[in-house]
2 protein chains.
Amino acid sequence: MLNMRSTDDLTARARIRDAALDLFGADGPDGVSVRAVAAAAGVSPGLVLHHFGSKEGLRRACDAHVVAVIRGADPDVLSDTSGLAAMLEAAAPVRRYLARALVDGSADAAALFDEIVTLTGAWLAEGTLEGWAQPSEDPQARAALYVSWLLAPLILESHLARALDVDDLHGMDATLRYSRVVVEMLTRGVFADARALTAWDAVKKERESR
Amino acid sequence: MLNMRSTDDLTARARIRDAALDLFGADGPDGVSVRAVAAAAGVSPGLVLHHFGSKEGLRRACDAHVVAVIRGADPDVLSDTSGLAAMLEAAAPVRRYLARALVDGSADAAALFDEIVTLTGAWLAEGTLEGWAQPSEDPQARAALYVSWLLAPLILESHLARALDVDDLHGMDATLRYSRVVVEMLTRGVFADARALTAWDAVKKERESR
DNA sequence: CAACCGATTGAACATCTGGTTAGCATGCTG
DNA sequence: CAGCATGCTAACCAGATGTTCAATCGGTTG
């Protein structure tokens with residue numbers, strides 16, 4: 001057995017982490033036993049604890065790894081949306097894990113979310129000044145919603161795949177297809193006139209008068 | 001102890017179901033023990049199984065109850081977007097349970113999702129004909145994405161609340177605030193020119209040439 | 001009153017959980 | 001070579017989990 005921990009990323013430790021990433025991403029940390037991770041990595045259950053101290057430690061290691069992958073991937077493309085773009089480009093297990101961590105309330109995932117919202121807000125503000133983005137009455141909320149909307153396909157993966165009649169939502173075909181519609185909806189909008197806006201005004205007025 | 005099972009909705013059975021709804025919605029069925037449900041309902045663990053057969057049976061009962069509540073707004077059929085509205089306006093425990101069931105892959109929640117996507121697709125098609133909705137190159141995908149986007153605040157509740165600096169995302173103030181931005185984004189769009197569309201074209205061409 | 005039936009309990013069971021420990025093997029270092 | 005740290009395993013532990021079961025209680029019915 002070789003002993004190049006820092007360079008070789010295929011050590012038992014890395015294999016355990018990758019297996020955990022995969023399984024945790026599918027069922028959440030609470031739905032996966034240490035033994036299942038060990039089996040998937042081809043090691044004994046004891047080794048998992050030996051390397052990561054505890055199951056919680058393994059979870060933190062997965063969090064850290066995912067954050068590092070997303071932060072570190074292709075920082076040049078698409079200037080300021082790089083975080084988001086990197087996330088969408090990241091390998092499927094990492095993406096699934098991130099989505100799961102977000103709904104499970106992991107602290108690292110939450111911090112990543114906040115960071116991306118901030119970056120997106122700045123990016124959209126710049127776009128507004130340069131004229132390629134619409135101005136917004138509430139830039140903060142818009143940035144948060146924009147990020148949430150791009151995250152939605154990650155989280156609702158299985159439901160969207162069913163609605164679109166595709167097997168793998170994150171295969172290239174399906175990704176191209178739905179991202180096209182996303183761009184279309186974000187460019188032309190969905191509603192063609194202001195009646196949704198006036199409907200909202202009516203709701204607000206009614207609620208305020210109560 | 002009274003014995004009016006069918007009429008009184010505060011029987012032990014109903015209390016167990018409500019407690020389970022609450023706890024399952026917070027941590028998912030796998031994160032909650034039968035004993036915890038029993039304790040929250042003020043009964044013994046055995047009674048939970050006596051009434052629902054198994055934990056899985058209890059989960060199914062929760063699913064059925066939530067679906068019934070959502071459908072109950074419009075007893076016969078869901079019309080247009082009323083299902084979506086009912087989901088977003090439902091009481092907090094129901095809302096949380098639904099969000100959790102969607103990401104956990106419950107069959108009933110998935111069926112509800114599909115149904116709402118279909119209704120939304122029909123609604124948007126009608127709008128396209130009547131002129132108040134934009135035409136779409138891919139109506140099926142648009143309907144699915146539209147539903148996903150409106151569901152996103154449900155699922156990412158805590159993260160959005162943090163980004164918007166509000167305590168309760170589904171309180172009236174916050175709801176009015178972010179729904180305003182949703183309407184704004186869906187009416188005016190986010191991008192002011194076609195460069196996102198052309199960027200997508202470039203990506204597609206590049207990937208196809210590979 | 002007696003028989004019965006559903007609601008309800010508490011204890012028990014087998015299983016699985018995360019975690020600990022002792023020990024083995026191997027490779028580095030003196 | 002001896003000494004030692006380290007990767008790794010197997011056995012084991014205490015606790016929690018879902019489920020089962022015998023027994024009790026209370027109201028209804030014969």
Side-chain angles (χ1 to χ4, degrees), chain A residues 1-65 97 100-101 104-106, chain B residues 1-63 65 100-101 104-106:
Chain A
M1 197 71 64
L2 297 177
N3 187 18
M4 316 173 174
R5 286 184 308 283
S6 52
T7 59
D8 186 355
D9 201 33
L10 293 177
T11 57
R13 188 188 159 101
R15 285 209 322 276
I16 293 170
R17 195 234 302 124
D18 287 347
L21 208 70
D22 216 30
L23 297 176
F24 286 179
D27 297 329
D30 292 340
V32 179
S33 68
V34 172
R35 284 163 175 80
V37 174
V43 300
S44 72
L47 191 62
V48 175
L49 285 309
H50 170 72
H51 277 305
F52 296 93
S54 67
K55 190 184 186 181
E56 172 63 17
L58 174 59
R59 205 203 49 102
R60 277 199 301 267
C62 288
D63 274 18
H65 183 245
Y97 182 92
R100 187 80 210 196
D104 281 352
S106 135
Chain B
M1 197 70 66
L2 297 176
N3 186 19
M4 316 173 173
R5 285 184 310 283
S6 51
T7 58
D8 186 353
D9 201 34
L10 293 177
T11 56
R13 186 189 162 101
R15 285 208 324 275
I16 293 170
R17 195 233 302 126
D18 287 347
L21 207 71
D22 218 29
L23 296 176
F24 287 179
D27 297 328
D30 292 340
V32 178
S33 69
V34 171
R35 285 166 175 80
V37 173
V43 301
S44 71
L47 191 62
V48 175
L49 284 307
H50 170 72
H51 277 304
F52 296 93
S54 69
K55 190 185 185 181
E56 172 63 19
L58 174 58
R59 217 223 54 206
R60 278 198 301 267
C62 288
D63 275 17
H65 182 245
R100 189 84 209 192
D104 281 352
S106 132

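Just so we're on the same page: letters track the sequence lines, and every chain starts at 1.
Listed nucleotides D:dT9, C:dT17, D:dT17 differ in distance to A:Ser33; the shortest reach to its side chain belongs to C:dT17.
Geometric assessment of B:Arg59 against the ring of B:Phe52 yields a negative cation-pi assignment under the 6.0 Å and 45° thresholds.
Across the protein-nucleic acid pair, B:Glu56 atom CD and D:dT17 atom P stand 18 Å apart, rounded to whole Å. Between B:Arg35 atom CZ and C:dC13 atom P the separation is 14 Å, expressed in whole Å. Taking atom CG of residue A:Leu47 and atom P of nucleotide C:dA25, one finds them 17 Å apart after rounding to whole Å. Atom NZ in B:Lys55 sits roughly 8 Å away from atom C1' in D:dT17 (whole-Å rounding). Rounded to whole Å, atom C1' of D:dG18 lies 15 Å from atom CD1 of B:Ile16. Separating the NE2 atom of B:His51 from the C1' atom of C:dC5 is a distance of 14 Å, rounded to the nearest angstrom. Going from atom NE2 of A:His50 over to atom P of C:dC24 covers 17 Å, rounded to whole Å. Distance B:Phe52 CZ to C:dG6 C1': 15 Å, rounded to the nearest Å.
The side chain of A:Ser54 contributes no N or O atom lying less than 4.0 Å from OP1 or OP2 of C:dG18. Contact annotation: A:Ser44 side-chain N/O to D:dC8 OP1/OP2 distance is not under 4.0 Å.
Side chain of A:Arg35 to backbone of A:Pro45: no donor-acceptor contact under 3.5 angstrom is found.
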Verdict with reasoning, B:His50 to B:Leu47, per side chain to side chain contact (heavy atoms under 4.5 Å, CB included): CA-CA 5 Å; B:His50 170 72; B:Leu47 191 62; 3.9 Å; yes
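The structure places CG of B:Asp22 at 10.0 Å from CG of B:Asp27, a figure rounded to the nearest 0.5 Å.
Residue-level contact check: A:Val37 touches neither bases nor backbone, having no heavy atom under 4.0 Å from any strand.
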